[in-house]
Protein chains: 2
Amino acid sequence: MTAVLVVDDDPHLLRALRITLQAHGYDVTTAADGHSALLAATQHPLALVILDLGLPDLDGTSVLRELRTWSRVPVLVLSARHGSEDKVEALDAGADDYITKPFGLDELLARLRALLRRSADPGQEPVVTTEAFTVDLEKHRVTRDGQDIRLTPTEWKMLEVLVRNPEKLVTQQQLLSEVWGPAYAKETNYLRVYMAQLRRKLEPEAAAPRHLVTEAGIGYRFVP
Amino acid sequence: MTAVLVVDDDPHLLRALRITLQAHGYDVTTAADGHSALLAATQHPLALVILDLGLPDLDGTSVLRELRTWSRVPVLVLSARHGSEDKVEALDAGADDYITKPFGLDELLARLRALLRRSADPGQEPVVTTEAFTVDLEKHRVTRDGQDIRLTPTEWKMLEVLVRNPEKLVTQQQLLSEVWGPAYAKETNYLRVYMAQLRRKLEPEAAAPRHLVTEAGIGYRFVP
DNA sequence: GTGCAGTGTCAAGAATTCGTCAAGATCCGG
DNA sequence: CCGGATCTTGACGAATTCTTGACACTGCAC
């Protein structure tokens, strides 16, 4: 699900946006001030941020600059101010779009789609290869030494999540919630069992995995 | 030089835009109708297209759809129409931004910069680098001399807090509460132990730390 | 020099987490 | 209803990580 963070100090607008966005299938988190916004942005990976410039604690542009020191997440700025200086300042601080209040919800949604479309990983290779095995995400197929490897549905889902995030650390919670559902966040047993299966089937030396790597205490990582 | 195609049927606006954009260092081509716009777009690689919706031959949205069948170049749409339906239609047809006439030139330029910034180098991630080591917050990875450094969960969390606040002083209480939780505000022992670990793993000379600096009596600071 | 507060260092035991295995439970096609 | 495949669950040593306390070092005040 697409994770969106909405930052605004007006509880009514926040609520309205949350409901609208959730109705359109987004996974919404909210924050009412700059500090909690920055904190929330560190907690879990976001696809997009909607940021109101008029915040009680920090000025919105500062939040933006701060965020931009370590994140490239697309940011859509909301503002009550129509002046072009404000727009230029926000856009140059790293905003990707700027929309003034009052705005139409359908326009907001359309701009949001446009931003997400652009930031969507363009060149996700449908086929990922390592020295040991090959994963074809489109054909839903895994090969090793030219031979097909049979994976159970769960094994495949887990491998898919890892392979779609090459080099990235995928946390246990991410894996569990993407494969088994958000309710299973505590069942780390599953991960151990299925990771062992995958390694037995894919790694040349299951005891010393080179491509399906454990990051103790946090999660797993696929390295091609 | 950055190549921009401007499509508009109004010769005055076309001329004004050409002059302005050239003055800002862009390489400008122009087209006055949909067909020549599409033709121009095939001739020469473009970094960005500015497209007026009101064209004499083709409706602007059709031009956009046509263009999108084979190109992902960022498109900024100009339009005299303020209706949100028009905006939604254009954005969903593949536009990246939509700006209504009359518009301020500085706003146009700022939006243009924002679009170009995002389309530039999509593969680049936010990494924080020092002369000694590199921290990739997205991949959750630390590198030194090209080699991965294994960090324990706690070590990583602590480094993360520091790195997300570059140059800033992070107090002991902040660190303790972000890494161990608000209840641990007195356990400054932890800080000493883990700071020592981090320095041993990351600093060239752990005895004379240059990037993970102690501010006696207050906290620590990360300097890139 | 002495005492003190804050900091760095070290190592050992406690606690947690990991890989592994195997025994049921469950699902599904025939 | 059967049989095979898949999933769940619990248990166990092994490995890793965390916690804890003791001690040394530094700079400063007295």
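The structure presented is a predicted model; accordingly, all values stated were derived computationally and were not measured. Order of the sequence lines sets the chain letters (A, B, ...), proteins ahead of strands, with each chain counted from 1.
- Between A:Arg150 atom CZ and D:dA5 atom C1' the separation is 8 Å, expressed in whole Å.
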Q) B:Lys168 and A:Glu66: salt bridge (Lys or Arg N to Asp or Glu O under 4.0 Å), yes or no, with the steps? A) CA-CA 11 Å; B:Lys168 275 195 199 156; A:Glu66 176 87 22; 3.2 Å; yes

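- Note on the helix from C:dG1-D:dC30 to C:dG30-D:dC1: terminal axis deviation equals 30°, with five pairs used at each end and the result rounded to 10°.
- Residues meeting the ring pair (Phe, Tyr, Trp, His ring centres under 6.0 Å) test with A:His140, sequence neighbours left out: A:Trp156.
- Residue pairs satisfying the salt bridge (Lys or Arg N to Asp or Glu O under 4.0 Å) criterion with at least one member in residues 182-198 of chain B, sequence neighbours excluded, are absent.
- When side chains are defined from C-beta on, A:Val6 does not count as touching A:Asp52, because their heavy atoms never get closer than 4.5 Å.
- Judged as a ring-ring contact (aromatic ring centres under 6.0 Å, His included), the pairs with a partner in residues 196-224 of chain B (not counting sequence neighbours) are, in order, B:Phe133-B:His211.
- The side-chain hydrogen bond (donor to acceptor under 3.5 Å, both in side chains) test applied to A:Arg68 returns A:Asp96, not counting sequence neighbours.
- Using a cut-off of 4.0 Å between Lys/Arg side-chain N and Asp/Glu carboxylate O, A:Arg164 and A:Glu178 are scored as not salt-bridged.
- For residues 140-150 of chain B, the pairs satisfying salt bridge (Lys or Arg N to Asp or Glu O under 4.0 Å) are A:Glu167-B:Arg141, B:Arg141-B:Asp148, with sequence neighbours left out.
- Within the structure, every pair that satisfies the salt bridge (Lys or Arg N to Asp or Glu O under 4.0 Å) test and touches residues 6-23 of chain A, not counting sequence neighbours, is listed here: A:Asp8-A:Lys101.
- In this structure, A:Arg192 places its CZ atom 16 Å from P of D:dA15, rounding to the nearest Å.
- Straight-line distance from the CE atom of A:Met158 to the P atom of D:dC7: 12 Å, rounded to whole Å.
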Could you list all N or O pairs between the protein and nucleotides 19-21 of chain D that sit under 3.5 Å apart?
unit_1 : atom_1 : unit_2   : atom_2 : d
D:dT19 : OP2    : B:Trp180 : NE1    : 3.0
D:dT20 : OP2    : B:Tyr190 : OH     : 2.6

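- Residues passing the side-chain hydrogen bond (donor to acceptor under 3.5 Å, both in side chains) test with B:Thr152, sequence neighbours excluded: none.
- Checked for salt-bridge contact, A:Arg72 and B:Glu138 miss the test: no charged N lies under 4.0 Å from a carboxylate O.
- Sorted by first and then second residue, the ring-ring contact (aromatic ring centres under 6.0 Å, His included) pairs with a member in residues 14-62 of chain A form an empty list; sequence neighbours excluded.
- Applying a 4.0 Å cut-off to non-hydrogen atoms, the residues of residues 206-224 of chain A that approach DNA chain D are A:Ala216, listed by residue number.
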(Q) Walk me through whether A:Leu5 and A:Gln43 qualify under side chain to side chain contact (heavy atoms under 4.5 Å, CB included). (A) CA-CA 11 Å; A:Leu5 172 65; A:Gln43 306 292 7; over 6 Å; no

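- Between A:Thr152 and D:dA5 there is no side-chain polar atom (N or O) within less than 4.0 angstrom of OP1 or OP2.
- Running 5' to 3' along DNA chain C, contacts with non-hydrogen atoms of chain B at under 4.0 Å begin and end at C:dG6 to C:dC10.
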